[in-house]
S.K.: 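Here's a structure for you.
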Amino acid sequence: MTSETYTNPVLNADWSDPDVVRVGDDFYLTASSFGRAPGLPLLHSRDLVHWTLIGHALERLEPAAEFRSPRHDCGVWAPSLRHHDDRFWIFWGDPDQGIFQVNAPQIRGPWSRPHLVKEGKGLIDPCPLWDDETGEAYLVHAWAKSRAGVKNRLTGHRMHPEGTAVLDEGKVIVDGDRIPGWFTLEGPKLYRHDGWFWILAPAGGVETGWQGAFRARDFFGPYEERIVLEQKDTEVNGPHQGGWVRTRSGEDWFLHFQQRGAYGRVVHLQPMRWGASGSAAGWPVIGDEGAPVLEHRRPDLPAGPPAAPATDDDFPGGRFGRQWSWTANPQDGLATQHSADGLRLTCVRTADAHDLRRLPSVLTQRLPGLPSAVEVELELHSEEPGARAGLAVLGDAFGWIGLQRGTDGAVHLVHRFAEAVAERERDAAHPRLAPRGRARLRIEIGTGARCRFAYDTGDGLRYSGPVFAATPWRWVGALLGLFALAPPGTGHAGAAAFGEFRISPLRPL
């Protein structure tokens with residue numbers, strides 16, 4: 001890479017199902033957040049290459065009672081981000097409830113509470129369009145077979161101009177079953193260009209599929225289709241689901257994701273143009289003649305300083321940064337205590353301390369896409385036997401290292417794990433005394449998301465247990481997590497203090 005080029009992925013972590021919009025000279029991106037809170041992350045860029053996380057549009061998932069406990073693969077699926085009538089709009093599908101939207105006068109809010117636009121099971125991946133040519137508003141969405149019994153089709157509606165409701169029963173405007181070789185058509189993004197209605201939508205599955213384009217003179221069709229981006233002989237599998245954006249100078253770019261196992265869905269930036277002749281006339285041409293690029297000339301935009309969503313945290317004033325989300329709606333008064341010397345997590349009493357996957361009080365951020373070392377300082381302030389706190393890698397399987405108060409009154413360094421099929425954790429190494437009740441914890445994440453756990457209780461860094469291979473959930477990449485727990489009982493169970501959370505580059509294992 002040179003100063004004139006960029007290298008993919010431009011977001012090397014799990015920013016799933018990205019969508020993008022330009023407002024003036026600023027670009028904004030949102031992504032799926034599933035069952036975590038806050039949700040609907042908001043990212044900003046001036047050059048489409050360097051992005052920073054500036055907030056979230058969804059403080060809590062609704063209805064709140066449905067998300068008091070983790071629902072890792074539910075919640076916010078595949079949002080669409082638009083700017084219309086001097087407001088930002090985000091539409092998303094909750095596969096168990098229907099299509100929601102929130103809106104705000106500024107990207108940093110205040111955002112409205114979620115409004116249910118269309119109720120129903122299996123309604124996913126919605127995208128609105130306000131058509132400046134006709135004054136009409138439209139909505140397109142896909143289907144989740146797990147809830148609706150059907151998939152591989154896109155349904156279109158006329159929509160109320162205020163985005164509050166659909167105005168008809170809907171019509172299947174693209175039936176993937178009628179297109180030879182196409183399956184799992186989903187993730188539509190709706191646009192108007194050159195007198196056509198355009199739908200950019202992937203098919204073929206997130207790991208093995210392709211990006212398609214559809215066009216019609218009338219919103220309800222008929223549509224013709226074309227594959228506009230596919231893996232070909234590159235290393236970019238998928239290439240899947242994203243959004244088109246045009247710069248002020250007229251350059252076209254396409255942001256999409258690539259599925260990378262435990263790392264989740266990382267985001268690539270592809271050049272895009274509209275074909276002027278031959279078989280490509282009038283159609284979008286993405287990447288290098290339809291193949292993903294790994295390195296390319298930068299967009300013709302003022303180059304910004306190197307930037308990426310924050311990962312490190314000193315927890316100033318006892319508060320955590322925007323990069324952190326809970327595994328469910330936060331529990332008021334239970335999850336955190338504020339202090340001037342780092343983050344204090346209350347030891348939440350629970351009968352599920354043996355399985356981190358069930359707990360809403362795990363504070364998480366995305367697994368880095370490059371080999372990295374993750375470190376955090378921990379001190380356990382609990383006299384409760386069985387109270388524990390630590391640093392975790394969380395997915396269908398999980399592993400963690402941390403401190404636990406023993407029945408002997410001493411604090412022990414413990415390292416535990418659970419396989420995907422296991423219902424409770426097991427020791428990954430023999431417990432050791434941590435005489436001062438504190439430790440520096442470390443996880444080295446190598447190639448293939450293989451994790452090596454280590455600790456320092458005052459006499460130097462020591463490695464613990466075997467290498468653990470991180471795993472994703474069904475749609476979500478693995479997460480890093482901080483937690484503090486205690487056995488069931490009454491009364492306050494103490495807290496754990498975390499400080500100096502760091503993620504730094506690591507040579508591959």
S.K.: Would you say Pro128 and His84 make side-chain contact, with heavy atoms under 4.5 Å?
M.R.: no
S.K.: Measure the spacing between CG of Leu185 and CZ of Phe214 and express it to the nearest 0.5 Å.
M.R.: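 With rounding to 0.5 Å, CG (Leu185) is 4.5 Å from CZ (Phe214).
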S.K.: Quick one: does NZ or CZ of Arg36 land under 6.0 Å from the six-membered ring centre of Trp326, within 45 degrees of the ring axis?
M.R.: no
S.K.: So do the side chains of Glu66 and Leu61 get within less than 4.5 Å of each other, counting heavy atoms only?
M.R.: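 Answer no - side chains too far apart.
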S.K.: If you measure from the Lys or Arg side-chain nitrogens to the Asp or Glu carboxylate oxygens, is any gap between Asp131 and Arg192 under 4.0 Å?
M.R.: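 Looking at Asp131 and Arg192, the cut-off is met.
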S.K.: Between Ser16 and Arg265, is the side-chain hydrogen bond (donor to acceptor under 3.5 Å, both in side chains) condition met? List the steps.
M.R.: CA-CA 5 Å; Ser16 177; Arg265 299 171 176 183; 3.0 Å; yes
S.K.: More than 12 heavy atoms of other residues, nucleotides or ligands under 6.0 Å from CZ of Arg108: is that the case?
M.R.: no
S.K.: Quick one: are the ring centres of Tyr28 and Phe88 less than 6.0 Å apart?
M.R.: yes
S.K.: For Leu154 and Ala142, which heavy atoms make the closest approach, and how far apart are they?
M.R.: CD2-CB, 3.9 Å
S.K.: Apply side-chain hydrogen bond (donor to acceptor under 3.5 Å, both in side chains) to the pair Thr155 and Lys171, showing each step before the final yes or no.
M.R.: CA-CA 5 Å; Thr155 294; Lys171 176 186 176 183; over 6 Å; no
S.K.: Can a salt bridge be assigned to the pair Asp96 and Arg71 using a cut-off of 4.0 Å between side-chain N and carboxylate O?
M.R.: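 Yes.
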S.K.: Is a salt bridge present between Arg153 and Glu186, judged by a nitrogen-to-oxygen distance below 4.0 Å?
M.R.: no
S.K.: Applying side chain to side chain contact (heavy atoms under 4.5 Å, CB included) to Leu394 and Thr327, what does each step give before you reach the verdict?
M.R.: CA-CA 10 Å; Leu394 191 60; Thr327 43; 4.2 Å; yes
S.K.: Taking atom CG of Asp132 as the centre, does the number of heavy atoms from other residues, nucleotides or ligands within less than 6.0 Å exceed 12?
M.R.: no
S.K.: Got Leu269 and Tyr6 here, is their nearest side-chain heavy-atom distance under 4.5 Å?
M.R.: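 The answer is yes, as the side chains (C-beta and beyond) meet within the 4.5 Å cut-off.
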S.K.: Is a side-chain donor or acceptor of Gln365 paired with a backbone partner of Thr311 at a separation under 3.5 angstrom?
M.R.: yes
S.K.: Taking all atoms of both residues into account, what is the closest heavy-atom pair of Phe27 and Leu301, and its distance?
M.R.: CE1-CD1, 3.6 Å
S.K.: For Arg297 and Glu251, what are the C-alpha separation, side-chain angles and deciding distance, and is it a salt bridge (charged side-chain N to carboxylate O under 4.0 Å, His left out)?
M.R.: CA-CA 12 Å; Arg297 173 189 57 81; Glu251 282 188 347; 3.2 Å; yes
S.K.: Pair Trp196, Trp283 - check ring-ring contact (aromatic ring centres under 6.0 Å, His included), show working.
M.R.: CA-CA 11 Å; Trp196 296 87; Trp283 288 88; 7.7 Å; no
S.K.: Measure across Arg474 and Asp396 and return the closest heavy-atom pair with its distance rounded to 0.1 Å.
M.R.: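 Reported closest heavy-atom pair: N-OD2, 4.4 Å.
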S.K.: Could you pull out the closest heavy-atom pair between Pro41 and Ser33, with the gap in Å?
M.R.: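 For Pro41 versus Ser33, the nearest heavy atoms are CD-CB, 4.1 Å.
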S.K.: In Å and rounded to the nearest 0.5 Å, what is the OG1 to CG distance from Thr30 to Asp19?
M.R.: 8.0 Å
S.K.: Could you please spell out the steps behind the side-chain hydrogen bond (donor to acceptor under 3.5 Å, both in side chains) verdict for His268 and Gln258?
M.R.: CA-CA 7 Å; His268 291 238; Gln258 174 196 10; 2.8 Å; yes
S.K.: Specify the closest pair of heavy atoms between Cys451 and Ile445, including all atoms of both residues, with the distance to one decimal.
M.R.: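 For Cys451 and Ile445, the tightest heavy-atom pair comes out as SG-CG1, 4.1 Å.
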S.K.: In Å and rounded to the nearest 0.5 Å, what is the CZ to CG distance from Arg260 to Asp14?
M.R.: 11.0 Å
S.K.: State whether the side chain of Thr208 and the backbone N or O of Gly204 hold a donor-acceptor pair below 3.5 Å, judged by distance alone.
M.R.: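 A pair under 3.5 Å: yes.
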S.K.: Determine, using ring centers only, whether Phe34 and Trp92 are less than 6.0 Å apart.
M.R.: no
S.K.: Would you indicate whether the side-chain heavy atoms of Leu200 and Leu190 approach each other to under 4.5 Å?
M.R.: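 Heavy-atom side-chain distance check fails, nothing below 4.5 Å.
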S.K.: Check this for me: does any side-chain nitrogen of one of Asp252 and Arg246 sit under 4.0 Å from a carboxylate oxygen of the other?
M.R.: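 Judged by the 4.0 Å cut-off on N to carboxylate O distance, Asp252 and Arg246 do form a salt bridge.
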S.K.: Can you tell me how far CH2 of Trp89 sits from OG of Ser112, rounded to the nearest 0.5 angstrom?
M.R.: 8.0 Å
S.K.: Could you tell me if the ring centre of Phe219 sits under 6.0 Å from that of Tyr138?
M.R.: yes
S.K.: Quick one: do Glu4 and Arg298 make a salt bridge, cutoff under 4.0 Å?
M.R.: no
S.K.: I'd like to know if Asp314 and Arg502 make a salt bridge, using a cut-off of under 4.0 Å between side-chain N and carboxylate O.
M.R.: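 Judged by the 4.0 Å cut-off on N to carboxylate O distance, Asp314 and Arg502 do form a salt bridge.
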S.K.: If you count the non-hydrogen atoms of other residues, nucleotides and ligands that lie under 6.0 Å from CZ in Arg178, is the total more than 12?
M.R.: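 Open.
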S.K.: I'd like to know whether the aromatic ring centres of Trp210 and Trp182 sit less than 6.0 Å apart in this structure.
M.R.: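 Yes: the rings meet the under 6.0 Å criterion.
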S.K.: Please check if the number of heavy atoms outside Gln106 that lie under 6.0 Å from its CD is greater than 12.
M.R.: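 Incorrect, the count does not exceed 12.
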S.K.: Applying the side chain to side chain contact (heavy atoms under 4.5 Å, CB included) test to Trp244, which of Gln270, His256, His193, Lys189 qualifies?
M.R.: His193
S.K.: Could you check whether any side-chain heavy atom of Asp194 comes within less than 4.5 Å of a side-chain heavy atom of Trp274, counting everything from C-beta outward?
M.R.: no
S.K.: Go through Trp51 and Leu53 one step at a time and tell me if the side chain to side chain contact (heavy atoms under 4.5 Å, CB included) criterion holds.
M.R.: CA-CA 7 Å; Trp51 294 86; Leu53 178 63; over 6 Å; no
S.K.: Is Asp73 reaching over with its side chain to a backbone N or O of Trp473, donor-acceptor style, under 3.5 angstrom?
M.R.: no
S.K.: Does the side chain of Met159 reach to within under 4.5 Å of the side chain of Leu167, using non-hydrogen atoms?
M.R.: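 Contact flag for Met159/Leu167 side chains = no.
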S.K.: Verify side-chain hydrogen bond (donor to acceptor under 3.5 Å, both in side chains) between Asp125 and His141, making sure each step is shown before the conclusion.
M.R.: CA-CA 5 Å; Asp125 308 352; His141 69 82; over 6 Å; no
S.K.: Just by distance, with hydrogens left out, do Ser45 and Asp47 show a side-chain donor and acceptor under 3.5 Å apart?
M.R.: yes
S.K.: Just how far is it from atom OG1 of Thr234 to atom CG of Asn8, taken to the nearest 0.5 Å?
M.R.: 10.5 Å
S.K.: Classify the side-chain pair Asp313/Trp324 by whether it contains a donor and acceptor separated by less than 3.5 Å.
M.R.: yes
S.K.: Run the numbers on Leu58 and Phe100 for side chain to side chain contact (heavy atoms under 4.5 Å, CB included), then give the verdict.
M.R.: CA-CA 11 Å; Leu58 187 65; Phe100 289 88; over 6 Å; no
S.K.: Do Met272 and Trp253 have side-chain heavy atoms sitting under 4.5 Å apart?
M.R.: no
S.K.: Cut-off 3.5 Å, side chains only: do Arg87 and Asn103 have a donor facing an acceptor?
M.R.: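 Looking only at side-chain atoms, Asn103 and Arg87 do form a donor-acceptor pair, the distance falling under 3.5 Å.
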S.K.: Please determine if Asp288 and Lys232 form a salt bridge, counting it only when a charged side-chain N lies under 4.0 Å from a carboxylate O.
M.R.: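 The answer is no: the pair does not qualify as a salt bridge.
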S.K.: Can you confirm whether Leu482 sits close enough to Leu391 that some side-chain heavy atom of one is under 4.5 Å from a side-chain heavy atom of the other?
M.R.: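 Yes, close enough: below the 4.5 Å cut-off.
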S.K.: So Leu139 and Phe91, side chain to side chain contact (heavy atoms under 4.5 Å, CB included) or not? Walk me through it.
M.R.: CA-CA 10 Å; Leu139 183 76; Phe91 284 66; 3.9 Å; yes
S.K.: Look up atom CG in Leu479 and atom CZ in Arg357, then write down how far apart they are to the nearest 0.5 Å.
M.R.: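 The CZ atom of Arg357 is 13.5 Å from CG of Leu479, to the nearest 0.5 Å.
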